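Here the structure is laid out as structure tokens; the discussion comes afterwards.
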Amino acid sequence: MLFLLISCFSFILLSKSLSSKHQHHHRERRLFPPWYETFTTTFMTSWFQKGTLQIFTSTMPLKKLKPKAKNLVWSSSTENQKEDHNKTTPSPSLLDLPELVLDCIFNRLQPAELCAMSGVCSSLRERCVSDYIWAKRMKGKWGKVIGDAAYREWQWYIALQNRSNLLNNQRNQSNLSFESVAKIWPFLSWFNIKPRAQKELKNGGLAVDSIMAWYLALETGRLSFPAQVYNRENGHAGFLLSCYDAKLSYDSKTDTFQARYSPHVRQTTEQNISWDRLRAPPVDTCSYDLHISNSLFDLKPGDHIEIQWRRNREFPYGWWYGVVGHMESCNGNEYHCRCQDTDTVMLEFKQYPSSSRWRKTMINRENHREVGNEGDGFYGGIRKLYNQQEISMWQSLWPNQVIE
């Protein structure tokens with residue numbers, strides 16, 4: 001350590017001597033032997049280049065020693081002018097662009113690119129992890145399958161994460177004894193640990209309740225969420241033109257989902273489910289509860305509907321596609337049809353043959369409750385479909401042949 005201090009002191013004296021006048025330079029050189037300057041310069045330069053004094057190189061820039069010039073005063077003044085010019089005219093930065101241009105750039109970045117850019121600097125990180133940036137990506141990729149139930153699942157996930165972090169912090173604090181603190185206390189003021197830790201916590205850690213954290217939890221499959229699956233069990237004949245609740249997890253390698261259904265049904269899991277077979281639940285009703293219908297008096301022949309149906313009362317409901325038909329007393333003439341004025345509504349499921357017991361069923365407009373029996377199953381609440389996109393989705397799933 002003493003040798004290091006002596007070398008640094010001599011290096012400072014040597015630097016000062018280069019910027020002084022010529023006579024003063026000769027006078028200072030008499031303090032050391034002629035070989036000492038060459039040895040010190042060579043030694044310090046090689047030491048810096050090898051990275052031995054990294055603590056100094058991280059705090060101040062080093063310049064290579066230049067050979068003596070004829071006019072040291074002129075060269076030093078030129079260097080000072082260059083340094084002043086560089087200080088007054090900093091190099092352009094990405095953050096100097098107008099806000100509109102920056103928004104256009106960030107909007108074109110993919111999620112993986114945003115994650116990479118967030119590690120460049122604190123200013124870019126603040127932009128790359130903002131909810132404003134990630135809300136568009138969340139809606140673009142996950143908006144079709146994320147509903148109110150999935151949002152509640154995310155809130156539960158946040159609560160569990162916060163609780164886990166709190167328990168870990170308490171455990172870590174209890175493990176830090178007074179003796180261990182006493183051993184490292186002299187170094188805490190030198191390294192300024194507390195402000196640095198706060199900065200890392202602010203800039204390095206991602207808030208668990210941010211939209212970016214939500215997106216990444218879904219993308220990595222860590223978060224399973226509730227949604228509905230069309231034609232479950234890969235289009236099994238017993239589930240054609242139906243949609244059932246499931247707990248889904250995403251596999252980014254195959255871009256498909258795994259579904260876990262209610263344990264009361266025959267098959268509880270299904271693999272490799274594509275995006276086009278999923279939807280967010282259209283109503284916030286549990287699969288075991290009767291949906292309260294509010295459109296029964298609007299139903300008329302030709303309307304498209306979804307109705308709850310289950311095999312028995314121990315099973316969850318699934319949503320099944322059908323249409324409103326004419327009553328048997330009506331000849332189907334639209335100018336003379338009075339089916340909408342009756343208390344009874346005829347529902348048809350044309351995917352089944354006319355001889356099937358599941359082809360038709362009737363419900364009461366005035367006092368509709370769950371109806372059915374153990375043989376034919378139980379019919380629950382009804383949704384009238386007003387959205388043409390929903391209707392087109394059901395029609396695209398229509399089987400190639402009548403279900404027997």
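All residue numbers refer to positions in the sequence shown, counting from 1. Computed from a predicted structure; not experimentally measured.
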Problem set entry | F225 and S249, any side-chain heavy atoms less than 4.5 Å apart | no

For this session: Determine, using ring centers only, whether F349 and W358 are less than 6.0 Å apart.
Result: no

Would you list the atom pairs, donor with acceptor, under 3.5 Å between side chains in residues 332-340 and any protein atom, with sequence neighbours excluded?
residue, atom, partner, partner atom, Å
N333, OD1, Y335, N, 2.9

Exercise. Can R310 be said to sit on top of Y317's aromatic six-ring, NZ or CZ under 6.0 Å from centre and within 45° of the ring axis?
Worked result: yes

Problem set entry | Test side chain to side chain donor-acceptor pair (under 3.5 Å) applied to W275 - qualifying residues, sequence neighbours left out | D255

Exercise. E314 and Y288: side chain to side chain contact (heavy atoms under 4.5 Å, CB included), yes or no, with the steps?
Worked result: CA-CA 9 Å; E314 295 181 355; Y288 288 91; over 6 Å; no

Exercise. So how far is it from I211 CD1 to I133 CD1, rounded to the nearest 0.5 Å?
Worked result: 11.0 Å

For this session: Check whether any side-chain heavy atom of Q110 sits under 4.5 Å from a side-chain heavy atom of L114, and report yes or no.
Result: no

For this session: Name all pairs fulfilling the side-chain hydrogen bond (donor to acceptor under 3.5 Å, both in side chains) condition that reach into residues 290-299, sequence neighbours left out, sorted by first residue then second.
Result: T285-H291

Problem set entry | From CA spacing to verdict: side chain to side chain contact (heavy atoms under 4.5 Å, CB included), M117, R125 | CA-CA 7 Å; M117 184 172 284; R125 177 177 178 79; over 6 Å; no

Exercise. In Å, rounded to the nearest 0.5 Å, how long is the span from CG of D376 to CZ of R311?
Worked result: 8.5 Å

Exercise. Do other residues, nucleotides or ligands put more than 12 heavy atoms under 6.0 Å from the CZ atom of R108?
Worked result: no

Exercise. What do you reckon, are the aromatic ring centroids of Y157 and W154 less than 6.0 Å apart?
Worked result: yes

Exercise. Can the ring centroids of Y230 and W394 be said to lie less than 6.0 angstrom from one another?
Worked result: yes

For this session: Drop me the distance from E126's CD to S130's OG, to the nearest 0.5 angstrom.
Result: 8.5 Å

Exercise. Which value, rounded to the nearest 0.5 Å, describes the distance between D276 atom CG and L397 atom CG?
Worked result: 8.0 Å

Problem set entry | Closest contact, heavy atoms only, W319 versus V283 | CZ2-CG2, 3.7 Å

Problem set entry | K141: side chain to side chain donor-acceptor pair (under 3.5 Å) partners, not counting sequence neighbours | E219

Problem set entry | Partner residues of N234 under the side-chain contact (heavy atoms from CB on, under 4.5 Å) criterion, sequence neighbours left out | E270, R277

Seminar exercise, completed: Those residues at least two apart in sequence (or on a different chain) that pass side chain to side chain donor-acceptor pair (under 3.5 Å) with K144 are none

Exercise. Considering residues at least two apart in sequence or located in another chain, which fulfil the salt bridge (charged side-chain N to carboxylate O under 4.0 Å, His left out) criterion with R313?
Worked result: E370

Exercise. Considering residues, nucleotides and ligands other than E374, do more than 12 of their heavy atoms fall under 6.0 Å from its CD?
Worked result: yes

For this session: List for me each residue that meets side-chain contact (heavy atoms from CB on, under 4.5 Å) alongside M362, sequence neighbours excluded, and say none if there are none.
Result: M327, T344, M346

Problem set entry | CD on Q258 to CG on N272, rounded to 0.5 Å | 9.5 Å

Exercise. F106 ring centre to R127 NZ or CZ under 6.0 Å, with the angle to the axis within 45°?
Worked result: no

Problem set entry | Exercise: identify the closest heavy-atom pair between G380 and L290 | CA-CD1, 3.3 Å

Exercise. Quick one: side chain to side chain donor-acceptor pair (under 3.5 Å) partners of N231, sequence neighbours excluded?
Worked result: none

Seminar exercise, completed: d(R365 CZ, L296 CG) to nearest 0.5 Å is 7.5 Å

Problem set entry | Electrostatic pair K136:D103 at N-O distance under 4.0 angstrom | no

Exercise. Do T220 side-chain atoms and L216 backbone N/O form a donor-acceptor pair below 3.5 Å?
Worked result: yes

For this session: For G238 and W320, work out which heavy atoms get closest and say how close.
Result: O-CH2, 3.2 Å

Exercise. For the residue pair G325 and P301, what are the closest heavy atoms and their distance?
Worked result: O-CG, 3.8 Å

Exercise. Can you name the closest pair of heavy atoms from A227 and L248 and give their distance?
Worked result: CB-CD1, 3.5 Å

Problem set entry | Results of ring pair (Phe, Tyr, Trp, His ring centres under 6.0 Å) for F378 - residues two or more places apart only | none

Exercise. Is there a side-chain contact between V345 and V324, using heavy atoms and a 4.5 Å cut-off?
Worked result: yes

Problem set entry | Within the 6.0 Å centroid threshold, strictly below: W156 and Y151 | no

For this session: Give the minimum heavy-atom separation between V229 and A246, together with the two atoms involved.
Result: CG2-CB, 4.0 Å

For this session: Apply the test side chain to side chain contact (heavy atoms under 4.5 Å, CB included) to residues L347 and I382: give CA-CA distance (whole Å), side-chain angles for both, the deciding distance (0.1 Å), then the verdict.
Result: CA-CA 10 Å; L347 302 179; I382 298 176; 3.8 Å; yes

Exercise. Are side-chain N/O atoms of D245 and Q228 paired as donor and acceptor at under 3.5 Å?
Worked result: yes

Seminar exercise, completed: Applying side-chain contact (heavy atoms from CB on, under 4.5 Å) to P226 and not counting sequence neighbours gives A149, A150, E153, K247

For this session: Mind telling me whether F257 and Y250 have parallel, tilted or perpendicular rings, with 30° and 60° as the class edges?
Result: tilted

For this session: Starting from the C-alpha separation in whole Å, work towards a yes-or-no answer on side-chain hydrogen bond (donor to acceptor under 3.5 Å, both in side chains) for S210 and Y215.
Result: CA-CA 9 Å; S210 64; Y215 186 100; over 6 Å; no

Exercise. Ring centroid separation for Y244 and F239, is it under 6.0 angstrom?
Worked result: yes

Problem set entry | Pairing residues for E390 by the side-chain contact (heavy atoms from CB on, under 4.5 Å) criterion, not counting sequence neighbours | R279, P282, E306, R383, L385, N387

Problem set entry | Donor-acceptor under 3.5 Å (R137 side chain, N107 main chain) | yes

